[in-house]
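Worksheet: one structure, shown below.
Note that these values count all heavy atoms, side chains included, but never hydrogens, waters or copies made by symmetry. Note that this is a predicted model, so its numbers are computed, not measured.
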Amino acid sequence: MERLNNSSLLSATAIVLLLAMATLAVYLTGGTQNAAPHLYYIPIISAAFLIGPGSGIATALAASLLCGPWMPIDVETDTPQDLVNWMVRGGGFLLVGIMADLFRRDINGQIRKFREFALHNPVTGLPNRAALEDRLAPRLDKPPDDGRMIAIVKIRITKFEEVVSTLGYDQGEKLMRLVSDRLRENQPEDEPVHNINHGRFAVIAEIGTPDEAVAIARRMLDSVHKPILLDNIPVTVGAHAGIAFHPAHGSTAPELLRAVAQATEMAVERNADCVIFDPEAGEQYRQKLLLLSDIRAAPRTGQLLLHYQPQTRLDDGTCIGVEALLRWCHPTRGMIPPNQFIPLAEATGLISPLTLWVARTAIQQLKLWREAGIDLSIAINLSARDLDSKTILREIEGLLDSHKVPRGKLTLEVTESAIMQSYQTAVPLLEHMAEIGCTIAIDDFGTGYSSLASLRQLPATILKLDGSFCIDLSADVRQRQIVRSTIGMAHELGLKVLAEGIETAESLAEMRALGCDEGQGYLISRPIPESEFRNWLSANAKTPGQPARGSREAERS
């Protein structure tokens, strides 16, 4: 209000100066017989737009008086104006003042409409993010001085896409309106609910303790979790809440909103009802986002490379192939372990470009090896997301043809959990790849949800036993029997069995005794660059090497 009063005073002073200058100009140019009286239109129109309603009319009346009867027509001869001349000129001033006021009122109405549209969500009618920032910023400048603090509570609606895909966008919008109505009903009028993004709502709260903010969050979640009737179908959506406090989690509106956004996403990731922002976890979240940004650029900037882990026949130690494992050499962070970036890429849908890069590089390597007289196969890993895409397998098929590599030299490894996750799309795609000659391997068998019976429906030729089966085989009679039965049933189904994680001589001897066909692991070799693999191949093509140091789980992808 103080700023507004100061602005109005400055505007009024400027109008007075403009009127005085126009009056002086009329007098100095010889009187009203010249064009100078038209200068009065400047303060009249300016007053209408700068000061407010009625200002244009008031300024027009003032101009009529200043350019009135005492202002001569001709200053040199001191010829006075007649009444008609003055009234016509005054009427013109007044008409311009009225028109300027009306025009200004119309413009202000349009501005209010645009502002209303800009500060409210068009679907729910609730104030949006811009309105929240406008409301929050001045409150942060003058926080409560009685020991209370300001909190931002945000909730995110989940499973909304399921509603849209089932009932359509019109019902999805209706759902958002009904949710917003519920939230608004349970919120005090002086602290409105803001629809800051699609499916995301936030409120500002003045609280004494963090528990009060948690109570607000739970009240909002309870109102969202109640079933909503859409198209005569009761629909329940999920929701998660995040909380951030001023000044502990941010001193400005953008900082506080960033903190509460991270807390909400943490709640979604952890499947928790409510999460209070943790600065340490927030830094981890920020680093993860930075890593995610870098992943996008990694395939095209030469940061990726493949390491190869040999796979050998257990009966004679002959190397029959390798598993190509992705490695990321970051320009500033150095080597990033696969267990840090692979899950992140899978969760965000960035795994497919990485898979395609691996396939392209592995197939090129197959071609180079064949030209050098090295007749080996290469196995690459496919994720569940890859199995939902026909494009990747089609591109892999094209790469095999363009490089003139026998398709049987490429093995596609898919975990049993990935197949179960995308069963309807995975089986036809894998059947097609098997029909064109590629080898299909079921990876990490024993850790997922499938069974040997389900393998009859899969076009697999290799079963890879998870590395956990290699632990304590000689000491654990039950595990030894499970492995023996699994290998036997796999052989009955016409599958070769490859044991992962062979890290000790005892594990190698046990797997060989149980009839396992092939193996890989640190006893044979850790994953190594292509140049080192050629040296290993020359020295160890028939005999497994010595155990390598390091954690197997940290190296595998």
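- Partner L412 forms a side chain to side chain contact (heavy atoms under 4.5 Å, CB included) with one of I380, L429, N381 and no other, that one being I380.
- Listed for the N197 side chain is no donor-acceptor partner under 3.5 Å among the backbone atoms of R200.
- At a threshold of 4.5 Å between non-hydrogen side-chain atoms, the residues L382 and L393 count as touching.
- Ionic pairing of E265 and R156 is present here: one or more N-O contacts between side-chain nitrogen and carboxylate oxygen are shorter than 4.0 angstrom.
- Between the side chains of Q311 and Q520, at least one donor N or O lies within less than 3.5 Å of an accepting N or O.
- Here S525 contributes atom OG and E532 contributes atom CD; the two are 8.5 Å apart, rounded to the nearest 0.5 Å.
- Without hydrogens or angle criteria, W536 side chain to Q309 main chain gives no donor-acceptor distance under 3.5 Å.
- H240 places a side-chain N or O within 3.5 Å of a backbone atom of A272 that can act as its donor or acceptor partner.
- Annotation for K409: atom NZ counts as buried by contact number, over 12 foreign heavy atoms lying within 6.0 Å.
- Closest approach of L344 to Q340, counting heavy atoms only: CB-O, 3.9 Å.
- For the pair Q481/R484, a side-chain contact is recorded, criterion being any heavy-atom separation below 4.5 Å from C-beta on.
- The OG1 atom of T461 sits 7.0 Å away from atom CD1 of I440, with the distance rounded to the nearest 0.5 Å.
- Within the 3.5 Å criterion, the main-chain N or O of P428 finds no donor-acceptor partner in the side chain of H432.
- At least one side-chain heavy atom of L305 sits under 4.5 Å from a side-chain heavy atom of C329.
- Note on R370 versus D375: salt bridge recorded, some NZ/NE/NH1/NH2 to OD/OE distance being below 4.0 Å.
- Side-chain atoms of D517 never come within 3.5 Å of backbone atoms of L314 as a donor-acceptor pair (strictly under, hydrogens ignored).
- Expressed to the nearest 0.5 Å, how far OG1 of T361 lies from CG of L366 amounts to 11.5 Å.
- Pairs of residues two or more places apart, or lying in two chains, that qualify as ring pair (Phe, Tyr, Trp, His ring centres under 6.0 Å) and include a residue from residues 366-393 are Y308-W369, W369-F533.
- Closest approach of I524 to G519, counting heavy atoms only: CD1-O, 3.6 Å.
- Among T124, N186, L126, the single residue meeting the side chain to side chain contact (heavy atoms under 4.5 Å, CB included) criterion with V193 is L126.
- A distance of 8.0 Å separates CG in L400 from OG in S402, rounded to the nearest 0.5 Å.
- A donor-acceptor pair is defined here as one N or O able to donate and one able to accept, closer than 3.5 Å; no such pair exists between the side chain of E503 and the backbone of C470.
- A donor-acceptor pair is defined here as one N or O able to donate and one able to accept, closer than 3.5 Å; such a pair exists between the side chain of Q479 and the backbone of F469.
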Throw together a table of side-chain donor-acceptor distances under 3.5 angstrom for residues 169-181, partners on residues two or more places apart or in other chains.
{"residue": "S180", "atom": "OG", "partner": "M176", "partner atom": "O", "Å": "3.2"}
{"residue": "S180", "atom": "OG", "partner": "R177", "partner atom": "O", "Å": "2.7"}
{"residue": "D181", "atom": "OD1", "partner": "R184", "partner atom": "NH2", "Å": "2.6"}

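- Distance check, rounded to the nearest 0.5 Å: CD of Q364 to NZ of K367 gives 8.5 Å.
- Other residues, nucleotides and ligands contribute more than 12 heavy atoms inside 6.0 Å of the CD atom of E371.
- For S383 and D386, the side-chain atoms include at least one donor-acceptor pair closer than 3.5 Å.
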Inset, instruction - Walk me through it: do W357 and L306 pass the test side chain to side chain contact (heavy atoms under 4.5 Å, CB included)? - result: CA-CA 10 Å; W357 184 92; L306 289 183; 3.9 Å; yes

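- Inter-residue side-chain proximity for P331 and Q303 is flagged as met; some heavy-atom pair is nearer than 4.5 Å.
- Other residues, nucleotides and ligands contribute over 12 non-hydrogen atoms within 6.0 Å of the CZ atom of R219.
- The distance from atom OG1 of T411 to atom NZ of K464, rounded to the nearest 0.5 Å, is 9.0 Å.
- The nearest pair of heavy atoms linking P299 to L304 is CA-CD1, 3.7 Å.
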Inset, instruction - Before giving the answer on side chain to side chain contact (heavy atoms under 4.5 Å, CB included), spell out for M511 and V497 the whole-Å C-alpha distance, their side-chain angles and the decisive distance to 0.1 Å. - result: CA-CA 10 Å; M511 281 297 178; V497 180; over 6 Å; no

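- In this structure the side chain of L376 reaches within 4.5 angstrom of the side chain of L537, judged on heavy atoms.
- For the pair V427 and L458, the minimum side-chain heavy-atom distance is below 4.5 Å.
- L326 is listed as a side-chain neighbour of F341, based on a closest heavy-atom distance under 4.5 Å.
- In plain terms, the two heavy atoms of I363 and I396 that are nearest each other are CD1-O, 4.0 Å.
- The backbone N or O of K226 sits less than 3.5 Å from a side-chain atom of R182, completing a donor-acceptor pair.
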Inset, instruction - Apply side chain to side chain contact (heavy atoms under 4.5 Å, CB included) to R407 and D401, showing your working. - result: CA-CA 8 Å; R407 295 172 176 179; D401 292 339; 2.7 Å; yes

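- Residues L132 and L257 meet the side-chain proximity criterion, which asks for heavy atoms closer than 4.5 Å.
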Inset, instruction - Could you give me the CA-CA distance, side-chain angles and deciding distance for E500 and D443, then say whether side chain to side chain contact (heavy atoms under 4.5 Å, CB included) is met? - result: CA-CA 9 Å; E500 299 182 280; D443 196 10; 3.1 Å; yes

